Amino acid sequence: MTKIKFELDGQQVEANAGETIWQVAKRHQKEIPHLCYSPEPDYRPDGNCRACMVEIEGERVLAASCKRTPSVGMKVKTESARAVAAQKMVMELLVADQPARETSHDPDSKFWHWAEKVEVTESRFPAAERWQGDTSHPAMSVNLDACIQCGLCVRACREVQVNDVIGMAYRNAGAKIVFDFDDPMGESTCVACGECVQACPTGALMPSVMLDEKQTRVTYADKKVDSLCPFCGVGCQVTYQVKDEKVIYAEGRDGPANHNRLCVKGRFGFDYIHHPHRLTKPLVRLPNAKKDANDQVDPANPFTHFREASWDEALDIAAKGLVKIRDEKGVKALAGFGSAKGSNEEAYLFQKLVRTGFGSNNVDHCTRLCHASSVAALMEGLNSGAVSAPFAAAMDAEVIVVIGANPTVNHPVAATYLKNAAKRGAKLIVMDPRWQALSRHAWRHLAFKPGSDVAMLNAMLHTIITEGLTDQQYIAGYTEGFDELAERIKEFPPEKMEAICGIPAETLKEVARTYARSQASIIFWGMGISQHIHGTDNARCLIALALTTGQVGRPGTGLHPLRGQNNVQGASDAGLIPMFLPDYQPVGRTDLREPFEKLWHQDLDPVRGLTVVEIMNAIHAGQINGMYIEGENPAMSDPDLQHARHALAMLDHLVVQDLFVTETAFHADVILPASAFAEKSGTFTNTDRRVQIAREVIRPPGDARQDLWIIQEIGKRMGLPWNYDGPADVFTEMTQVMPSLKNITWERLVREGAVTYPVDDPNKPGNEIIFTTGFPTESGRGKIVPAKVIAPDEVPDAEYPMVLSTGRVLEHWHTGSMTRRASVLDQIEPEAVAFMSPKDMRKLSVWPGDFIKLETRRGAVEVKVRSDRDVPENMVFMPFCYAEAAANLLTNPALDPFGKIPEFKFCAVRAEKLALQSAAE
């Protein structure tokens, strides 16, 4: 790389190509004031505040050092009389229009820091008339009297998060920052990612959660702790600010997944940990409190039916109940649900408890309800359930396919990379029955008919194969099964599939050609692909697309199922799956089972256990009588909830470990108060296969305990000789039986913070892109498996004429047990709604805000309706996080035969207007 030699304050220095004077000065420990430029994260410099002016010998005017790049022989002076005078004058002009420091919104802001540095904290100039404040948004306060129009918030919104909400409007002295068309922030299209708040140097944009009772001044933390975000699989790194053992604010830090970015949940969704309904004492069911599946948690008093107990009493009752069932009814009469919200160490210890303490493989977690079919197809074809490339690989791609996923809602930070890639010129192809925010950045949106994924994807494969767009060299060297696919795919010409999937044949061909001919194409998918009875077939098609075109194993290529919960990847890796030991080692393989038996000093069951829905069926059949559930909420997350809730009520003994009396805990015999994410240390693995360390930020409240301690105490009382000192001990044991963790140690994670597996050497970084030289199969080849078109289990008819699909909204997560207790998040989206197209609403004669009744063959709910043009005609979309209108009372428990995942994304439903007062009236 060519170096540029020049003089900086009399010293000979070198600049890299493209490096600015400011950046070179910083490398040489020279401080130049800057307000409109944010080097961390590296925002594009604008040079509009002029606080960083420097003198260049021979030039008539001063230069903005944040934008000016040096040339050979240039002589730059950062501290000359002219430069310093200019810096002081700029600061004095800006100070003139600021509130006095003692009454300013953030007296410790970056602005006042630099004012102090240049020794200008007062101004001779008259103050201009300033704009009024705006407190219309629950999360953020707008204080334009402190705005210096540096433009950082505009760049944050447009260029980093790519939400395009903030801009500059009006002219001359009337120019100001606006939201949309100068709307109040709370009424704008702002998604509350808070990037603008983090970028603002003056306090013009402030997090409301950090302000005092008058919402005018900032409350300062007494400590800051680096950890992770507890939501979704992106794995954002976060710094939590704490005052008096209470988290008051979260801000993004420069982690490999997020580079300082956060979403509304990560930045403002932390205060659920301080909710008044938080469990702080163990609870035991009262003797006269009978279980009734039709009873629901009383929001005003969730502790009804329970009494407080000591830890010794509660743990004894919990363990003795489990032991009694195991000894009297057999090891198969017990089951356990672990948690993808917990750490890798908790997941590992929980599955070990079930396999050694209970004596069977009846252990599962939420992967069964999100990506089980994806994992089934990936294991079948590639012998690996992991993503082949990180989501940041989108920045290297020419073509990006997003199918069955809504990243701007479910993985907002990951979505920023997709949006930035599209702005850079990548062709973004969104495939989903619903339109979405990402669609406006898309080159093509394929709004296929719900449930017709395989028909659409097979039509693409037909085009690629019949038109000779395959990568024959890659197929010959790295795959098997292509000939069978080539023969079977003849049945799926685009002209024939058009009638099934609703996408014109020419569009299918165009998209297929674009994907195949690209130098680098990558596929991202979500639960819109996996939550079908043909979910495994959907994933098989995506794998076939990548393998037949060689779009895997190179930068910008690959297969990436976006993980839903923050540790669903790690929990699956750690063995919370009934058919696999840790690292996806089949329980039926003697050679793979023996190392675990040797390490654990116990023979293990060689028969695969039951999955989530199978366990519920087994309870109804009288085959399972006791359960231990850690951090999961099947009474909200399972399909056909009445069936699931009846099962929980039927159990002889149910132990639940959680933060709140959830809908599941309400049916428990013993409730053990657990630790929230910010109250524990441990490792978590994000959707990129990145193992990251989380640190304890605050102590658990009251008598709540660490989850790892609770699991170990249950194990001890069931006769297991456990004596782990903490998560480091458990992690060390995991590395002995999990090849994926080779060359990753607890000490390395503490030192580096994050390591992506697999890792070739203790001193080398992990491999973000895998399958570069083949696959971890016996043959070293990826297996192509053809898929046939299968109709959904339950299709619309005259009685139930519409399609119901479920999912999430941006502000809430999973079953809502955490986010609905987060004040900002629940204030933004406080009530249950169903989304419907305006045309369907007109047919029903309903207005937005009216109540409708949704009914399927399994149940009915009454819910408000919201008009949404993104929802196709004849479909209803419903979030599943609202207990008062639980969407899963309606959903179909029919299972994918391979992944054993329920068909959440498709069932027949009818909608009717309720005879209540219209919102329009």
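Side chains are part of it too, since the values below use all heavy atoms of this structure and drop only hydrogens, waters and symmetry mates. Everything quoted here is computed from the prediction, not taken from an experiment.
- In summary, E380 and R540 engage in a salt bridge, as defined by a charged side-chain N under 4.0 Å from a carboxylate O.
- In this structure, Q692 contributes its side chain and G235 its backbone to a donor-acceptor pair below 3.5 Å.
- R434 forms a cation-pi arrangement with F877, by the criterion of a distance under 6.0 Å to the ring centre and an angle within 45° of the ring axis.
- Contact detail for S439 and H445: the closest heavy-atom pair is OG-ND1, 2.8 Å.
- The closest donor-acceptor contact from the side chain of E498 to the backbone of A505 lies under 3.5 Å.
- The CZ atom of F906 lies 10.0 Å from the CG atom of D453; values are rounded to the nearest 0.5 Å.
- The pair R513-E510 does not count as a salt bridge, with every side-chain nitrogen at least 4.0 angstrom from each carboxylate oxygen.
- T557 contributes a side-chain N or O that, together with a main-chain N or O of R554, makes up a donor-acceptor pair within less than 3.5 Å.
- Applying the side-chain contact (heavy atoms from CB on, under 4.5 Å) rule to N420 yields the partners V162, R261, M395, T416; only residues at least two apart in sequence or on another chain are considered.
- Looking only at atom types and distance, the side chain of Q551 has no donor-acceptor partner in the side chain of T549 under 3.5 Å away.
- By the 4.5 Å heavy-atom criterion applied to side chains, F835 and V871 are counted as neighbours.
- Of the inter-residue distances, the one linking M431 atom CE with F448 atom CZ reads 8.5 Å to the nearest 0.5 angstrom.
- Between A257 and N686, the closest heavy-atom pair is CB-ND2, 4.0 Å.
- The heavy-atom pair separating C236 from N258 by the smallest distance is SG-CB, 3.5 Å.
- I489 contributes atom CD1, which lies 5.5 Å from atom CD1 of I465 (distance to the nearest 0.5 angstrom).
- Contact check on D432 versus R444 returns no salt bridge, with no Lys/Arg side-chain nitrogen under 4.0 Å from an Asp/Glu carboxylate oxygen.
- Using a 4.5 Å cut-off on side-chain heavy atoms (C-beta onward), P902 and L369 make contact.
- Environment of CZ in R869: sparse, with no more than 12 heavy atoms of neighbouring residues, nucleotides or ligands closer than 6.0 Å.
- Between the side chains of D573 and Y757, at least one donor N or O lies within less than 3.5 Å of an accepting N or O.
- Under the 4.0 Å criterion applied to side-chain N and carboxylate O atoms, E614 and R368 are not assigned as salt-bridge partners.
- The two residues H814 and C366 make their nearest non-hydrogen contact at NE2-CB, 4.2 Å.
- Checked against a 6.0 Å centroid threshold, the rings of H462 and F492 do not count as neighbours.
- For the residue pair D583 and S740, a side-chain donor N or O sits within less than 3.5 Å of a side-chain acceptor on the partner.
- Ionic pairing of E398 and R517 is not present here: no N-O contact between side-chain nitrogen and carboxylate oxygen is shorter than 4.0 angstrom.
- Qualifying side-chain hydrogen bond (donor to acceptor under 3.5 Å, both in side chains) partners for N410, counting only residues two or more places apart in sequence or in other chains: none.
- When the side-chain hydrogen bond (donor to acceptor under 3.5 Å, both in side chains) test is applied to T856, no partner is found at least two apart in sequence or on another chain.
- Residue F482 holds its CZ atom at 6.5 Å from CD1 of I784, rounded to the nearest 0.5 Å.
- Heavy atoms of other residues, nucleotides or ligands lying less than 6.0 angstrom from CD of Q473 number 12 at most.
- A heavy-atom distance below 4.5 Å is found between the side chains of F391 and T687.
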- request: Give the C-alpha distance, both sets of side-chain angles, the deciding distance and a yes or no for side chain to side chain contact (heavy atoms under 4.5 Å, CB included) between V568 and C370.
  value: CA-CA 9 Å; V568 73; C370 56; 4.0 Å; yes
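- A 6.0 Å sphere centred on CD of Q519 holds no more than 12 heavy atoms belonging to other residues, nucleotides or ligands.
- In K742, the NZ atom is not crowded: 12 or fewer heavy atoms of neighbouring residues, nucleotides or ligands sit closer than 6.0 Å.
- The two residues Y515 and A546 have their closest heavy-atom pair at OH-CA, 3.4 Å.
- With rounding to the nearest 0.5 Å, the separation of CE in M497 from CG in L461 is 12.0 Å.
- Atom CG of residue D640 and atom CZ of residue R857 lie 13.0 Å apart, to the nearest 0.5 angstrom.
- Of all heavy-atom pairs spanning N362 and L610, the tightest one is OD1-N, 3.0 Å.
- Between the side chains of H643 and D638, not a single donor N or O lies within less than 3.5 Å of an accepting N or O.
- For Y474, the side-chain contact (heavy atoms from CB on, under 4.5 Å) partners two or more places apart in sequence, or in a different chain, are D471, Y478, T479, L547, V552, F775.
- Remark: the backbone N or O of N383 is not paired with any side-chain donor or acceptor of K783 at under 3.5 angstrom.
- Under the 30°/60° scheme for interplanar angles, the aromatic rings of H560 and F524 are found to be tilted.
- Note on residues 893-907: pairs passing side-chain hydrogen bond (donor to acceptor under 3.5 Å, both in side chains), not counting sequence neighbours, are Q531-K905, T536-D896.
- Contact check on E768 versus R690 returns a salt bridge, with a Lys/Arg side-chain nitrogen under 4.0 Å from an Asp/Glu carboxylate oxygen.
- Note on R781 versus E480: no salt bridge recorded, every NZ/NE/NH1/NH2 to OD/OE distance being 4.0 Å or above.
- Listed by chain and residue number, P758, D760, I770 satisfy the side-chain contact (heavy atoms from CB on, under 4.5 Å) test with N767 (two or more places apart in sequence, or in another chain).
- At least one donor-acceptor pair closer than 3.5 Å links the side chain of D840 to the backbone N or O of N874.
- Side chains of Q351 and R355: a donor on one and an acceptor on the other come within 3.5 Å.
- Considering V402, V401, N538, L559 as possible partners of W525, the one that fulfils the side-chain contact (heavy atoms from CB on, under 4.5 Å) test is L559.
- Distance alone, capped at 3.5 Å, is enough to place a donor-acceptor pair between the T548 side chain and the A544 backbone.
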